[in-house]
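Data block below; observations after.
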Amino acid sequence: MKRKLLNKLVLDVCTGPFVFGILIFVLIFVAGDLLFQAARLIIEQGVALGVVVRLFFYRLPEVVAMTIPMSSLLSTMLGMSTLNAGSELIALKSLGIPFRRILRPIFNASVWITLVALTLNETLVPYASIAADRLMKYEIMKNQASAVQEKVFLRDEEDGKLKRVMYINELNASKGIMSGIMMHEFDAEERLTRTVNAQRGIWRNSQWWIENGRIYSIDAEGEVSLLLRFERQMLALKLSPSQLESSTRRPVDMSAHELWTYINQTGTTVTTSGEDVARLWVLFHMKLGVPWACVIMAVLGAGFGASRRGRSGGGVGFGISVVIVFAYYVIMSLCRALGEAGSIPPFIAGWGPNIVFAIVALFFSWRVDRI
């Protein structure tokens, strides 16, 4: 019973600030970006209000997912500051309850929040982002020339089984041209059996023709052998340029699971250089690492809030949270740049900010019991 009361006490003081954090951070992102974009589309381009509202709701899941780690930090910082200012933490220490025990319900709750964030990022966010991009491209920018898409891929499934994966380095749907083509074909057991590389593809006479390429065969042991070279060959792809453009997906729009499958199925030759492969692995680790920042930020906020003396308003806590989150994203951007350049391993690039802030969080938590 005492454990339940302690858990309830801690969670009660953190729940309100967490909800407040979600609302205020979403409001900041919406006011600073989405509303400005919506107003520009309506005023400058005469886009219908209904289309702009749809775009707003398609972008909203990504914004909410982004604010969850920030809200975790703010909620525990304000919650522990409240307990500290009211001398509840001193009372709990006098009863022999260490701070790590007070952290337990926060840690458990933040793990659940992380799982929710991961689920959101793996399901709703990618599809909402794709819907927003397509809305911008086909309904809002329909009278403008299509831009060249880079590093996109197409999955072709039949009866729920993967038939082929096609990677395109550049696609210009308006001109019916693609370059840097790689296609992997799979058998009924989804084993890679053949790879086709081509420098260029052209849409001609309602067919895709690929030029200057090679076809490789992969046996059951994974041995690769060159079958033939060709100057020009018809590609068994029934999609027109516009259909291909709408069906392809960029790696940034994939979930972590889709990205992992994509990288492993296509192998190290998925792009034209090792640097590009590193970029994909960095993106994969970041898609996993950022949601788990919820746990680290929650522990950091709790330790920092509990170590502060006196009561300070929510505005001060909010300001400190913004500074900490800004520092996190600066380190994340630095790690990403180093990872994409190959200076550090992709795992470190994706998880490095979490490791750094986890050390800081553990320091503040250790410090609380010694104040």
Side-chain angles (χ1 to χ4, degrees), residues 10-11 13-33 62-85 89 99-100 102-103 105-107 109-111 113-114 116-117 121 285-338 348-369 371:
V10 174
L11 294 179
V13 296
C14 295
T15 301
F18 179 77
V19 176
F20 168 77
I22 291 286
L23 294 176
I24 194 67
F25 282 120
V26 167
L27 181 62
I28 290 174
F29 278 101
V30 166
D33 183 24
E62 183 179 3
V63 173
V64 173
M66 190 183 305
T67 61
I68 292 178
M70 306 178 189
S71 303
S72 299
L73 172 68
L74 179 64
S75 65
T76 56
M77 183 181 298
L78 295 183
M80 290 299 103
S81 295
T82 300
L83 293 181
N84 196 21
L89 285 181
F99 186 66
R100 63 178 178 274
I102 301 173
L103 275 178
I106 292 176
F107 179 83
S110 62
V111 169
I113 292 172
T114 296
V116 171
N121 285 334
H285 286 293
M286 287 183 62
K287 284 180 177 290
L288 291 180
V290 172
W292 281 103
C294 295
V295 177
I296 296 168
M297 290 297 181
V299 175
L300 174 59
F304 190 83
S307 63
R308 292 166 62 196
R309 295 183 178 180
R311 174 185 282 273
S312 56
V316 176
F318 176 78
I320 296 174
S321 298
V322 170
V323 172
I324 294 175
V325 169
F326 176 77
Y328 178 87
Y329 280 102
V330 167
I331 296 175
M332 183 178 71
S333 299
L334 177 62
C335 289
R336 180 173 186 173
L338 291 174
I348 299 299
W351 293 89
N354 287 2
I355 295 172
V356 171
F357 277 77
I359 294 172
V360 177
L362 291 175
F363 167 76
F364 276 107
S365 299
W366 169 83
R367 184 170 175 263
V368 171
D369 283 328
I371 294 177

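Here the structure is a predicted model, which means the values were calculated and not measured. Numbers for residues simply follow the sequence, beginning at 1.
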Do you know which two heavy atoms are closest between [X] and [Y], and how far apart they sit?
| X | Y | value |
| --- | --- | --- |
| Gly21 | Leu74 | CA-CD2, 3.7 Å |
| Pro353 | Ile348 | CD-O, 4.5 Å |
| Asn121 | Ala65 | OD1-CB, 3.3 Å |
| Ala302 | Leu103 | CB-CD2, 3.5 Å |

Working for side-chain contact (heavy atoms from CB on, under 4.5 Å), residues Leu73 and Phe304
CA-CA 10 Å; Leu73 172 68; Phe304 190 83; over 6 Å; no

Just jot down the side-chain contact (heavy atoms from CB on, under 4.5 Å) partners of Ile359, sequence neighbours excluded, or say none.
Ile355

Under the rule for side-chain contact (heavy atoms from CB on, under 4.5 Å), what residues qualify as partners of Ala109, not counting sequence neighbours?
Leu11

Roughly how far, to the nearest 0.5 Å, is [atom2] of [Y] from [atom1] of [X]?
| X | Y | atom1 | atom2 | value |
| --- | --- | --- | --- | --- |
| Leu83 | Leu89 | CG | CG | 5.0 Å |
| Ile113 | Ile22 | CD1 | CD1 | 8.0 Å |
| Phe20 | Ser71 | CZ | OG | 9.5 Å |
| Phe18 | Thr67 | CZ | OG1 | 7.5 Å |

Expected list for residues 321-338: side-chain donor-acceptor pairs under 3.5 angstrom, two or more places apart:
| from | atom 1 | to | atom 2 | distance (Å) |
| --- | --- | --- | --- | --- |
| Ser321 | OG | Gly317 | O | 2.8 |
| Tyr328 | OH | Asn354 | OD1 | 2.7 |
| Ser333 | OG | Tyr329 | O | 2.9 |
| Arg336 | NE | Glu340 | OE2 | 3.1 |

Extract all donor-acceptor atom pairs below 3.5 Å that involve side chains of residues 286-301 and protein atoms in other chains or at least two apart in sequence.
| from | atom 1 | to | atom 2 | distance (Å) |
| --- | --- | --- | --- | --- |
| Lys287 | NZ | Val252 | O | 3.2 |
| Lys287 | NZ | Met254 | O | 2.8 |

Yes or no on side-chain contact (heavy atoms from CB on, under 4.5 Å) for Ile102 and Phe99, after CA distance, side-chain angles and deciding distance?
CA-CA 5 Å; Ile102 301 173; Phe99 186 66; 4.2 Å; yes

Does some side-chain heavy atom of Ile106 sit less than 4.5 Å from a side-chain heavy atom of Met80?
yes

The ring pair (Phe, Tyr, Trp, His ring centres under 6.0 Å) partners of Phe25 (sequence neighbours excluded) come to Phe318

